[in-house]
Amino acid sequence: MVAAMNVPLAQFSADQAEAFDRVAEMLQSSGVDIHEGTAGPRGDTGEGAFAITGKAGSGKTMLLARLAEALGEAGVETVSGDYDGRRRKDRRTLAILAPTNKAASVLRTRGVAATTIHRIIYTPVYDPEYEKIADWLVSGGERPSVEGLTDTALDRAEAFFRGVKSIPGALAAAGLKGSDFITGWKRRDEPLDIGFVDEASMLDEKQFGDLKEIFPTLLLFGDPAQLAPVGQSGKMVFDTLPAPRVMTLERIHRQDRDNPILDLAHALSDATLEFEGFERMVEEAARGDDRVVLATRVEAEKMARSPVLVWRNATRIRLIHAFRRAYEAPEDDLLPGEPLICDGIELPLKHRKKRIDLEARGLIKGAQVIYLGPGNRSGFSRLHVVGAEQPQVSAASIVKIEMPGEEEPFIPYAANMGATFLHGAAVTIHKAQGSQWPEVQVFAPDLWAASRSGRVEDGIPLWKRLAYVAITRAENRLFWVVRNALARPTAPLGVDDLVAPAAPLTLESEGS
């Protein structure tokens with residue numbers, strides 16, 4: 001069940017209340033009454049896809065959390081990617097999804113039991129002995145007796161699960177490793193019930209089609225001002241839905257707290273605003289509030305944990321090399337603490353199980369990773385997957401560092417096959433979509449170049465879409481960098497800030 005947000009309906013704005021009631025009406029048609037708190041059997045068909053759209057700060061996440069809480073109160077069980085309990089005919093379920101680990105982790109920090117789309121498509125297969133513990137934790141009932149586990153260990157698992165609804169986390173608290181209780185991964189072969197998808201602007205048409213096959217009732221939450229997936233001409237998947245199936249939140253709640261970052265983001269909706277006028281607004285905001293900083297250079301120390309956001313690929317590569325030089329990183333190796341971006345899995349078809357294993361543990365395309373050091377075997381790396389519930393893994397790795405002016409990347413070291421990575425000290429704004437960081441550096445010279453290009457996406461100047469997405473990645477503080485310069489770090493790169501779980505999951509592939 002979703003951790004309670006306890007948001008009274010009376011605190012909703014008029015548009016949130018209307019959206020809540022329209023979703024309630026949709027759910028009632030599928031047998032779930034969130035006003036009365038009851039859930040009947042699922043029918044043969046669902047209600048199809050609906051969407052709730054709104055700009056940053058409009059309350060989409062609060063509405064998602066309250067709807068999920070209401071479904072839980074009606075007896076609808078929230079399922080995640082780490083364990084799918086035994087099926088019952090009368091069972092009604094909800095899955096809360098995001099396209100990336102980072103986006104899912106943002107929801108989890110707000111009390112919403114979210115997982116990635118990929119983790120719902122592929123589900124773990126548990127050893128039958130340890131599945132007894134999972135069933136007990138999820139469904140209650142008689143406490144199991146499992147060989148090798150004491151009552152104290154089961155107490156630890158139960159206490160962990162009461163606070164964090166994670167089966168792997170609970171089993172890790174009992175002293176088990178992932179290779180002890182997960183014997184493999186399988187593609188889901190049966191449809192689910194109700195699905196909520198956050199950051200739906202990131203979905204492409206194929207992902208949307210896959211989700212509609214899995215979820216008879218699907219609710220999308222998305223921001224129409226963000227960047228559409230590449231190849232979709234500025235259109236989001238919810239733009240294809242008929243008007244009655246799209247609800248728009250207009251009121252900006254977070255602006256009620258006088259947030260200068262959101263003020264800047266929403267100022268971009270002014271059709272008459274040019275780049276120079278917008279930059280003057282940034283300067284004015286910086287003079288009046290330290291949550292906006294007009295910076296004369298990029299700070300290398302911040303790049304280690306939150307990438308500087310750029311438009312052009314050439315800028316990204318140049319800043320990555322400046323970052324590595326600043327930390328005196330060797331050309332033929334990585335330093336512990338260097339940020340990476342997973343660029344996919346390079347494994348032949350016969351190793352499909354290992355691919356599923358890697359992806360299920362968070363190493364999907366676009367995942368943010370911190371390099372911790374070499375693994376126990378040649379070509380393996382110890383990694384911290386940002387946003388994953390069990391973040392520390394070891395995997396066969398192929399690291400590619402792109403070189404300025406060179407078509408082929410430099411590969412300091414590599415396994416024969418495994419997870420591939422690019423450096424992550426700088427990323428394009430497009431790839432940053434769906435992520436948030438406490439502090440964000442935006443490389444303004446690239447946005448100026450985008451404004452001069454004259455490019456338009458779905459009727460909106462590209463620089464405005466880029467600026468909107470980049471600015472709204474900042475949770476607390478925005479650094480608007482106006483010069484092509486780098487501030488050197490004051491301390492060596494390290495990993496002391498990355499706290500490991502008591503019993504981290506490890507990849508079976510390293511020992512095989």
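The figures that follow rest on heavy atoms only: side chains count, while hydrogens, waters and symmetry mates do not. Bear in mind the structure is a predicted one, so any value in this text is a computation, not a measurement. Residues take their numbers from the sequence shown, with the count starting at 1.
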Candidate pair Ile341 and Gln368, rule side-chain contact (heavy atoms from CB on, under 4.5 Å), full reasoning: CA-CA 5 Å; Ile341 300 291; Gln368 293 177 270; 3.8 Å; yes
Rounding to 0.5 Å, atoms NE2 (His430) and CG (Leu227) come to a distance of 5.0 Å
Would you name the heavy atoms of Ala285 and Leu264 that are closest together and state the gap between them? CB-CD1, 4.3 Å
Candidate pair Glu301 and Thr490, rule side chain to side chain donor-acceptor pair (under 3.5 Å), full reasoning: CA-CA 8 Å; Glu301 288 176 330; Thr490 58; 2.7 Å; yes
Of all the heavy-atom pairs spanning Thr296 and Arg483, show the shortest one and how long it is. O-CB, 3.1 Å
Taking the side chain from Arg382 and the backbone from Pro374, do they hold a donor-acceptor pair closer than 3.5 Å? yes
Glu199 and Thr100, any side-chain heavy atoms less than 4.5 Å apart: no
Could you state the interatomic distance from CZ (Phe421) to CG (Leu383), rounded to the nearest 0.5 Å? 5.0 Å
Judged by atom type as modelled, is there a donor-acceptor pair below 3.5 Å linking the side chain of Asp446 to the main-chain atoms of Val310? no
Output all residues satisfying ring pair (Phe, Tyr, Trp, His ring centres under 6.0 Å) with Phe323, sequence neighbours left out; order by chain, then residue number. Tyr327, His423
To check you understand the geometry: which heavy-atom pair defines the closest contact between Val427 and Arg316, and what is its length? CA-CD, 3.9 Å
Taking atom CE of Met303 and atom CG of Leu319, what is their separation to the nearest 0.5 Å? 5.0 Å
Could you list all the salt bridge (Lys or Arg N to Asp or Glu O under 4.0 Å) pairs where at least one residue sits in residues 317-331, not counting sequence neighbours? Arg324-Glu338
Regarding Lys206 and Asp204, does a basic nitrogen lie under 4.0 Å from an acidic carboxylate oxygen? no
Using modelled atom types and a 3.5 Å cut-off, is there a donor and acceptor pairing between side-chain atoms of Glu457 and backbone atoms of Arg465? no
Rounded distance [0.5 Å steps], CG in Leu262 versus CD1 in Ile471: 9.5 Å
Closest non-hydrogen atom pair, Gly222 against Phe238: CA-CE2, 3.8 Å
In terms of heavy-atom contacts, Val469 and Thr472 come closest through O-OG1, 3.2 Å
Does any part of the side chain of Gln16, heavy atoms only, come nearer than 4.5 Å to the side chain of Arg66, both counted from C-beta? no
Test of understanding: with salt bridge (Lys or Arg N to Asp or Glu O under 4.0 Å), list the residues that count as partners of Asp198, not counting sequence neighbours. none
Could you check whether any side-chain heavy atom of Ile120 comes within less than 4.5 Å of a side-chain heavy atom of Phe215, counting everything from C-beta outward? yes
Spacing of Lys55 atom NZ and Thr248 atom OG1 [to the nearest 0.5 Å]: 11.0 Å
Should Glu274 and Arg452 count as an ion pair when the cut-off is N to O under 4.0 Å? no
Residues in ring pair (Phe, Tyr, Trp, His ring centres under 6.0 Å) with His321, at least two apart? none
In plain terms, say whether Arg280 and Glu283 are close enough for a salt bridge, that is, a side-chain N and a carboxylate O under 4.0 Å apart. no
With sequence neighbours excluded, tell me which residues meet side chain to side chain donor-acceptor pair (under 3.5 Å) with Thr240. none
Who are the side chain to side chain contact (heavy atoms under 4.5 Å, CB included) partners of Thr116, not counting sequence neighbours? Asn101, Ala104, His118, Arg119
Residues in ring pair (Phe, Tyr, Trp, His ring centres under 6.0 Å) with Phe479, at least two apart? none
Return yes if some donor-acceptor pair links the side-chain N/O of Ser451 with the main-chain N/O of Trp463 below 3.5 Å, else return no. no
Can you tell me how far apart CD (Glu284) and CG (Asp263) are? Round to the nearest 0.5 Å. 11.0 Å
Sorted by chain and residue number, the salt bridge (Lys or Arg N to Asp or Glu O under 4.0 Å) partners of Arg108 (sequence neighbours excluded) come out as Glu389
Do the side chain of Ser397 and the main chain of Ala395 share a donor and acceptor less than 3.5 angstrom apart? yes
By salt bridge (Lys or Arg N to Asp or Glu O under 4.0 Å) - contacts of Arg473 (at least two apart): none
Test item: Pro409 and Ile401 side chains (from C-beta on) under 4.5 Å apart, heavy atoms: no
Quick check: closest heavy atoms across Ile317 and Pro404, and the distance to 0.1 Å? CG2-N, 3.7 Å
Partner of Leu220 by side-chain contact (heavy atoms from CB on, under 4.5 Å), out of Val246, Val237, Ile52: Val237
Tell me if a side-chain donor or acceptor on Thr420 pairs with a main-chain N or O of Gly344 at a distance below 3.5 Å. yes
If the condition is salt bridge (Lys or Arg N to Asp or Glu O under 4.0 Å), which residues does Lys212 pass it with, not counting sequence neighbours? none
List for me each residue that meets side chain to side chain donor-acceptor pair (under 3.5 Å) alongside Arg287, sequence neighbours excluded, and say none if there are none. none
Treating Lys464 as the side-chain partner and Leu273 as the backbone partner, does any N or O pair qualify as donor plus acceptor under 3.5 Å? yes
Backbone of Glu299 reached by a side-chain donor or acceptor of Gln441 within 3.5 Å: yes
With Phe221 as partner, the option from Val197, Thr61, Ile96, Leu67 fulfilling side-chain contact (heavy atoms from CB on, under 4.5 Å) is Leu67
Are Asp343 and Lys400 within salt-bridge range, i.e. N to O under 4.0 Å? no
Output, in order, the C-alpha distance, side-chain angles, deciding distance and verdict of side-chain contact (heavy atoms from CB on, under 4.5 Å) for Ile117 and Asp210. CA-CA 10 Å; Ile117 293 169; Asp210 289 343; over 6 Å; no
Excluding sequence neighbours, so at least two apart, what forms ring pair (Phe, Tyr, Trp, His ring centres under 6.0 Å) with Trp311? none
Are any of the side-chain heavy atoms of Tyr468 and Ile460 separated by less than 4.5 Å? no
Apply side-chain contact (heavy atoms from CB on, under 4.5 Å) to residues Trp448 and Val482 and explain how you reach the verdict. CA-CA 10 Å; Trp448 177 85; Val482 296; over 6 Å; no
Output, in order, the C-alpha distance, side-chain angles, deciding distance and verdict of side-chain contact (heavy atoms from CB on, under 4.5 Å) for Tyr371 and Val399. CA-CA 10 Å; Tyr371 177 75; Val399 179; over 6 Å; no
